[in-house]
Amino acid sequence: MTAQLVLVPQISTLPAHEQKARALLRWLVKRRIVEALPTTCGQGGNGMAYAIGPGARQVAERPELLPYGQPHNGLEIITHRCIYVPTRGFLEEAGCAECRREVGVPLFDSLEVWWPGETDNFTCPECGHEDDINGFLFLQPCGFSNLGFIFNGWVEAGLRLAFVEEFGERLGFALRQVRVDDPA
């Protein structure tokens, strides 16, 4: 598995998420960050993704580390509810934004009702503060949403902050970058 850099909106249920995914893909293609047609450069599901384009050099922190020529170098867009967490060394630690107490164990246990969409929220067992699960504090970046943008092989190159901010503005929500390392 190739390491992945995932951009996840900080909201569980993004309204009109499929339309927004298509609009962002058009924007990325227009800027030549990814190619317009999917190919077998992905690694999830059917292996299809949008291959890295020459414009990716403009948005990467270290363009020389972009995965040009690698078998897994494309953008996969996930349009169903998904949990994005680091695969290596994930501590499952989270805190309440209100009382600042550790709530990781109950929060991650609550994903059993979050995943099927029974709720978007989590309630702090310490103080009763309720918010979208993404509103809680995580020691390591992770995300929970019905939309995710997976950049295969882009971890080492990274994304420029200005690009991530513009991406979030176009989406209408702040983004969290989640690093999913190669588990090897």
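Side chains of F122 and P106 form a contact here, defined as non-hydrogen atoms less than 4.5 Å apart. Two residues are said to be in side-chain contact when any heavy atoms from C-beta on lie closer than 4.5 Å; L147 and I11 fail this criterion. Side-chain contact between I33 and F163 is present, with at least one heavy-atom pair separated by less than 4.5 Å. Taking 4.5 Å as the limit, some side-chain heavy atom of W114 sits within range of a side-chain heavy atom of I83. Side-chain atoms of L171 and L14, non-hydrogen and from C-beta on, do get closer than 4.5 Å to each other. Between S110 and I133, the closest side-chain pair of non-hydrogen atoms falls below 4.5 Å. Residues E61 and L161 form no side-chain contact, since every pair of their non-hydrogen atoms from C-beta on lies 4.5 Å or further apart. Residues T40 and M48 have side chains in contact (heavy-atom distance under 4.5 Å, counting atoms from C-beta outward).
Remark: Q19 CD is loosely packed, at most 12 non-hydrogen atoms of other residues, nucleotides or ligands lying under 6.0 Å away.
Although no hydrogens or angles enter the test, the distance criterion places a donor-acceptor pair under 3.5 Å between the side chain of E76 and the main chain of G44. Side-chain N or O atoms of R57 include none that pairs as donor or acceptor with a backbone N or O of L66 at under 3.5 Å. In this structure a side-chain-to-backbone donor-acceptor pair under 3.5 Å is missing from H72 to G153. Side-chain N or O atoms of Q10 include one that pairs as donor or acceptor with a backbone N or O of L175 at under 3.5 Å. Panel note: side chain Y68, backbone G53; a donor-acceptor pair is recorded below 3.5 Å. No side-chain donor-acceptor contact under 3.5 Å links N152 to the backbone of Q4. Side-chain atoms of E126 do not come within 3.5 Å of backbone N or O of C99 as any donor-acceptor pair.
Applying the salt bridge (charged side-chain N to carboxylate O under 4.0 Å, His left out) definition to pairs two or more places apart or across chains, those involving residues 13-38 are R31-E166. The salt bridge (charged side-chain N to carboxylate O under 4.0 Å, His left out) pairs that include a residue from residues 102-114 number zero, where partners must be two or more places apart or lie in different chains.
Placement of I52 and L159 within a single hydrophobic cluster is found when ILVMFWY residues are connected by side-chain heavy-atom separations under 4.5 Å, directly or transitively. Cluster annotation: V6 is not connected to V85 through the hydrophobic network of ILVMFWY side chains, with a link wherever side-chain heavy atoms come within less than 4.5 Å. Linking ILVMFWY residues whenever their side-chain heavy atoms come closer than 4.5 Å, directly or via other members, leaves I150 and V34 in distinct clusters. Both W27 and V29 are part of a single hydrophobic cluster, where members link through side-chain heavy atoms under 4.5 Å apart.
Between V164 and Q177, the closest heavy-atom pair is CG2-NE2, 3.5 Å. Residues V178 and P141 share a closest heavy-atom pair of CG1-O, 3.7 Å. Taking every heavy atom of both residues into account, R170 and L24 meet most closely at CB-CD2, 3.7 Å. T79 and H17 get closest at one heavy-atom pair: O-NE2, 3.0 Å. Across every non-hydrogen atom of R81 and T119, the tightest pair is NH1-O, 3.2 Å. Of all the heavy atoms in P9 and F173, the pair that sits closest is CB-CB, 4.3 Å.
Salt bridge status for E165 with R160: absent, with no side-chain N to carboxylate O gap under 4.0 Å.
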Fill in: Verdict with reasoning, Y84 to V180, per side chain to side chain contact (heavy atoms under 4.5 Å, CB included)
CA-CA 8 Å; Y84 302 95; V180 180; 5.6 Å; no
Worksheet item: When you look at L107 and E92, which way does the side chain to side chain contact (heavy atoms under 4.5 Å, CB included) test go after all the steps?
Response: CA-CA 9 Å; L107 184 142; E92 294 190 15; over 6 Å; no
Discussion item. Run L28 and F167 through side chain to side chain contact (heavy atoms under 4.5 Å, CB included) and show every step you take.
Written reply: CA-CA 9 Å; L28 293 169; F167 198 109; 4.0 Å; yes
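Residues satisfying the ring pair (Phe, Tyr, Trp, His ring centres under 6.0 Å) test with F138, not counting sequence neighbours, are F144. Listed by chain and residue number, F136 satisfy the ring pair (Phe, Tyr, Trp, His ring centres under 6.0 Å) test with H129 (two or more places apart in sequence, or in another chain). Judged as a side chain to side chain contact (heavy atoms under 4.5 Å, CB included), and not counting sequence neighbours, the contacts of Q140 are P86, F90, L91.
When hydrophobic side chains of Ile, Leu, Val, Met, Phe, Trp and Tyr are connected at separations under 4.5 Å, L65 ends up as a singleton with no cluster partners.
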